[in-house]
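Below, chains carry the letters A, B, ... as their sequence lines are ordered, and counting in each starts from 1. Quantities reported herein were computed from a predicted structural model and do not represent experimental measurements.
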Amino acid sequence: MYNFKEIEAKWQAQWAQDEVYKVEENDKEKFYVLDMFPYPSGAGLHVGHPLGYIASDIVARYKKLRGFNVLHPMGFDSFGLPAEQYAIQTGQHPAITTATNIKRYKEQLKRIGFNYDWNREVQTSDPNYYKWTQWIFKQIYNSWYNKDTDKAEPISTLIEKFENNGTYNVEAGIEEDWFKELNLDNFPFGEHFAGEFTATDWASMNAIQREKILSHFRLTYLSDTWVNWCPELGTVLANDEVKDGVSERGGYPVVKKLMRQWSMRISAYAQRLLDDLEGLDWSDSIKEVQRNWIGRSDGAMIRFELENHAENIEVFTTRPDTIFGVSFMTLAPEHPLVETITTSDQKDEVNRYVEAVKNKSERDRQANAKTISGAFTGAYAIHPFSGEKVPIWISEYVLMGYGTGAVMAVPSGDQRDYDFAKHFNLAIPPVFEDVDISESANPTKDARVLEGSFLAGLTGHEAIKKSIEEIEGQGFGNGKVNYRMRDAIFSRQRYWGEPFPVYFENELPRLLSDEELPLTLPSVDKYLPTEDGDPPLGRAHKDDWPIFKGDRMECNTMPGWAGSCWYWLRYMDPSNSEAFCDPEKMKYWGNVDLYLGGAEHGTGHLLYSRFWVKILYDLGFIHVNEPFQKMINQGMIGGVIEYILMRKEKTNGQAHFMCKDLAEKEGLENFVKIAVRTDIVSEYGQANSYLTQEALQQFSKWMPEFEHATFECGQGVLRDGNFESKGGESSWLVTKSEQGKMGKRYHNTVDPVEICDHYGADTLRLYEMFLGPLEQHKPWDTNGITGVHGFLKKLFKACTEATDESAANKKELKAIHTLIKKATEDIDRHSFNTVVSAFMIALNELNAVKSKNKEIFKTFAILISPYAPHIAEEMWKVLGQDGYIVNATWPAFNEEYLTEDSYAYPISFNGKMRFKLELPMGLSKEDIEKEVMAFEKTAQYLDGKDPKKVIVVPNKIVNVVV
RNA sequence: ACCCUGGUGGUGGAAUUGGUAGACACGCAAGACUUAAAAUCUUGUGGCCUUAGGGCCGUGCGGGUUCAAGUCCCGCCCGGGGUACCA
């Protein structure tokens, strides 16, 4: 009798007691397998979470059996928005709710029987951990990017350069116009400063002035930036945290706002992040996501002089070959020159337009993407080659965040410019010969440039090269590679995050010393963010801070991704108080051999981790250049979401269940879709069942926001919990099922512990693998779980009946060796689902030959132990083995047991090639002759070719081995 | 719009490099045991035709390459994901 409850509880207790999964550095070969650690949200784990964890656990156990020293840790990404949101909702300190949530997560994880070494657990919100996040921040702050050596260097090397030669020969990975943001008051150089100064200049500056200059070179810096501001969440968001113009978390509107923020200079690493993707064993799709995000484009920077103004406008273009097709210029409405150049008679119109754009949310801006709008500034630029006047417009289709925030418009070659020109009646000069531009723009590069310029007769491709040469030669521009990826905004106006180890003196940032770390969070009355952008830490008084220095402390906190950038290093040495990790240990464990997690982190965590690792590598703190060598992105497990339709009512909390026909008649836009618990729907209101009084009452009790709502159904009306019967006609509860994500807000989560109670952890593990390919998204359903559970029952039964000590026979050996081969090869290529089938096939075959052989089942136990460790451990004991199966050795398969008995007919053609024809035993003479004839026919085709393996099809199976 | 993915029975999915398509499991059907149910076991199960032996058709659609195509090539259709005025 397979008593999984008893077996699983017993072994889990023993593993814990004997610390079976404790890992230490030794002289064996290492293998590091890592899962993306979870956010400990209040909802607990659902059955989707363990999917990747089970796979990594299988790999970890398998590698251990193969003789590797395996590091397989787990921890919690306990800082960040979700933990704080939960704290705000429940009114408790985030540290307390986080601890509670982590406890629940750990209980759930332990129940599934993972082989984590919990001694190595890390929590990003633990001061002993974020001490080092703050320390790393300090290293990044104290660095600059040297383009000559193409790596980050300590800021001291830059200071040395400034002291010796000023900016001469300094090639830094920063924007060329960095000096424009410098407030030049009191600096030794005049107002025509163009970013270059001498050693003498440097020597004449005071400390504050020097610091102001250095801050423009540091890898993390404060600047006034247009940020994604989310008023609802009360914080700025990084680009990857904004989806479709709303916040990824919560779906709140996001607007652009100019704020003083910390940024990380990831742009300096764009090319290396792009290049090093080559060497990674990641899926093409996730590499592609990163490539697109980095968004390299090759082109040119071109400077246009202005009529009547000293300033000039720089544009970036990928098509300098079309420069003679320029008929106007467009600036982003936020472009700093807009105010300067707008003529007085255009001022009103331009101001009106700029205001209108400013007040639009990101979502509105995206929604109106197709509508053409803009305003003429009244100013003109001078075409660098022809000297013609080019009118300057502003329009929101030009983004301040990309390139220079200004474009040279070539309507004949760019559809957006074309549409703009048509709309405002601007010229559309042709660029290429024989290209039709009467209906739309034509972006071809294959046509030849029209007569009348130095580019005449060249194809677009040739003209790009030639035009850049000419632009550089005449000194009004240069060839340039541009990246779409912006520097990452690093501060959040939040409470629950790492405090910056920074204070301010005279508005200049200063770092705390290493001895003063960790800087822990001060206590505040409220964790709630404010709508105007003042961080909650600003509520703390001077005395509330554990350390208070200078004029004020930095009150922003670091974003959620800070702690997760380097956690994989901390697992190697989790309790080190002298360093973030012992170098010897880093040397042993190297980087992560196999990383499992969702592909949704492609532009966030996975990019930022690579970025930080490269900085730490450049600065010599670590010796690996990439964190995650190989990665598998497990698919999401979805659930069925049941929606009900409710009438939207602006009046206080009113809601109605509506009858379906009516909803359709009134138009669905008047209704809200609300996800509800599946059992509520199935119990009380399938689409075609009546909604009863109890159903309504239960429902309004269950969702507190509808406690005082009004519900209508066929039998009457429920108001404030009082039901008024109206009798007579009936109406339907409108429901709709959709496949979607699994999550608390959809009320469709399934707790893995529930499954463990019902079928056991081993069944859950096996079943989640059996569901299908790991990478694939799939809905959760328990339809097939009985099959897997039944298999384990049968396996256990067969095992308890195995008493035969003698040597295994041929059939048994064939069954088990087929399984060894399949399990080995499939785990190696991470095809976890097919192995489960192989287990079942092997057991079916052993049962068919009524095998009772103990050796065979011992081997079976080892093979299944990565998948179903509890039952394997129990089998091991039942079969009379001592010790833990974890310490067993993975069996090798013997090809000899796998070959079929067969006759072999050697045949040769023209003395060139020889084939061996293998036929199954027991064929009649005629059959064999038939086979040989069919084979000869095929072999004639093959003669002279080079087959590796051939199976002749016409009649029966025939294997050909060259 | 662009870039990734995927499309195979009633269902989830196998088929590793082109080589017996549908492994394994669910579901369904029939049978055994049982007073009955559950559990368990046995058998069958892509479609169409055939009394049978067997035959024909079948991997989203249309073409092609090959002795041989779910797999490779060309052109479409549909689903999922990412990016989105990126100059």
Side-chain angles (χ1 to χ4, degrees), chain A residues 239-240 243-245 283-293 295-297 299-300 315-320 322 329-330 332 365-366 368-372 395-399 401-410 413-417 419-420 443 482-486 599-600 602-603 633 635-636 638 739 766-767 770-773 775-779 781-788 790-791 793-794 797 822 825-826 828-829 831 833-844 847 934 937-942 945 947-960:
Chain A
N239 287 345
D240 67 280
K243 297 266 145 79
D244 300 324
S283 73
D284 288 339
S285 61
I286 196 134
K287 283 188 185 182
E288 202 57 30
V289 164
Q290 293 210 345
R291 279 190 201 109
N292 289 340
W293 188 259
R296 178 188 161 119
S297 51
V315 298
F316 174 74
T317 177
T318 54
R319 297 297 302 274
T322 61
M329 286 185 93
T330 318
R365 220 172 146 162
Q366 282 183 16
N368 297 336
K370 295 284 170 284
T371 33
I372 296 154
S395 174
E396 60 176 325
Y397 86 83
V398 178
L399 307 175
Y402 183 75
T404 59
V407 300
M408 58 175 225
V410 182
D414 184 289
Q415 192 57 45
R416 290 154 310 172
D417 296 344
D419 295 340
F420 196 86
N482 207 31
Y483 299 92
R484 200 182 72 102
M485 183 171 65
R486 318 304 313 148
E600 67 273 17
T603 52
N633 303 112
M636 239 170 327
Q739 280 296 331
L766 226 41
Y767 182 61
F770 188 62
L771 270 176
E775 288 93 338
Q776 203 168 293
H777 295 274
K778 50 207 161 244
D781 77 89
T782 48
N783 285 339
I785 202 163
T786 51
V788 173
F791 156 74
K793 275 193 204 168
K794 279 186 268 180
K797 183 161 177 274
K822 187 81 180 155
E825 289 176 355
D826 285 6
D828 279 336
R829 70 184 174 99
S831 170
N833 54 331
T834 50
V835 183
V836 181
S837 299
F839 288 139
M840 293 177 180
I841 296 166
L843 182 64
N844 285 347
N847 279 341
K937 200 175 144 206
T938 304
Q940 282 169 15
Y941 291 114
L942 293 171
K945 296 174 188 169
K948 290 242 163 54
K949 182 188 169 197
V950 179
I951 294 178
V952 182
V953 182
N955 300 306
K956 286 263 158 55
I957 319 157
V958 175
N959 292 311
V960 178

Check: Which one, B/C85, B/A14, B/U16, comes nearest to the side chain of A/K822?
Finding: B/U16
Next item on the list: Quick one: look up who B/G46 pairs with, Watson-Crick or G-U, both distances under 3.5 Å, and put none if it's unpaired.
Entry: B/C57
Item checked: Sugar-phosphate only, base, or nothing, as touched by A/Q776 at under 4.0 Å among non-hydrogen atoms -> sugar-phosphate
Note to self: Does A/D417 reach a base, just sugar-phosphate, or nothing at all? Heavy atoms under 4.0 Å.
What the structure shows: nothing
Next item on the list: Please figure out whether A/K794 or A/G405 has its closest RNA chain B nucleotide nearer the 5' end.
Entry: A/K794
Notebook entry, point to check: Taking the same atom, C1', in B/G58 and in B/G47, what whole-Å distance lies between them?
Noted result: 7 Å
Next item on the list: Pick the P atom in B/U59 and in B/G53, then give their distance to the nearest Å.
Entry: 26 Å
Notebook entry, point to check: Is A/K797 touching bases, backbone alone, or none of the nucleic acid, heavy atoms closer than 4.0 Å?
Noted result: nothing
Next item on the list: Just compare B/C24, B/A87, B/A84 and give me whichever is closest to any side-chain atom of A/V407.
Entry: B/A87
Margin query: Quick check on RNA chain B: between A/L771 and A/G784, whose nearest nucleotide comes earlier from the 5' end?
Written below: A/L771
Checklist line | A/F316 and A/Y402 aromatic ring geometry - parallel, tilted or perpendicular at 30°/60° bounds | finding: perpendicular
Checklist line | Distance, C1' atom - from B/C76 to B/A87, rounded to whole angstrom | finding: 32 Å
Item checked: ring-ring contact (aromatic ring centres under 6.0 Å, His included) partners for A/F770, two or more places apart -> none
Check: Among B/U83, B/C26, B/U16, which nucleotide sits nearest the side chain of A/W293?
Finding: B/U83
Could I get a table of every N or O pair under 3.5 Å where one atom is in the protein and the other is in nucleotides 5-11 of chain B?
none

Notebook entry, point to check: When syn is taken as a glycosidic angle within 90 degrees of 0, is B/G31 syn or anti?
Noted result: anti
Margin query: Any base atoms under 4.0 Å from A/N482, or only sugar-phosphate, or nothing? Heavy atoms, all strands.
Written below: nothing
Item checked: Closest listed nucleotide, where the reference is the side chain of A/D414 and the choices are B/A25, B/A87, B/U16 -> B/A87
Margin query: Side chain of A/S297 only, heavy atoms from C-beta on: which candidate in B/C26, B/A87, B/U16 is closest?
Written below: B/A87
Checklist line | Test side-chain contact (heavy atoms from CB on, under 4.5 Å) applied to A/E825 - qualifying residues, sequence neighbours left out | finding: A/K821, A/F893
Next item on the list: Please determine, for the side chain of A/K793, which listed nucleotide (B/C24, B/U40, B/C26) has the closest atom?
Entry: B/U40
Check: Quantified in whole Å, what is the C1' atom distance between nucleotide B/U45 and nucleotide B/A36?
Finding: 28 Å
Note to self: For the C1' atoms, the ones on B/G60 and on B/G7, what distance do you get once it is rounded to whole angstrom?
What the structure shows: 6 Å
Checklist line | C1' gap between B/G9 and B/G63, integer Å | finding: 26 Å
Check: Which part of the nucleic acid, if any, lies within reach of A/F770 when heavy atoms closer than 4.0 Å are counted: base, sugar-phosphate only, or nothing?
Finding: base
Item checked: Residue A/S837, side-chain atoms from C-beta onward, closest of B/C86, B/C24, B/G13 -> B/C24
Margin query: Counting only side-chain heavy atoms from C-beta out, which of B/A14, B/A87, B/C24 sits nearest to A/R416?
Written below: B/A87
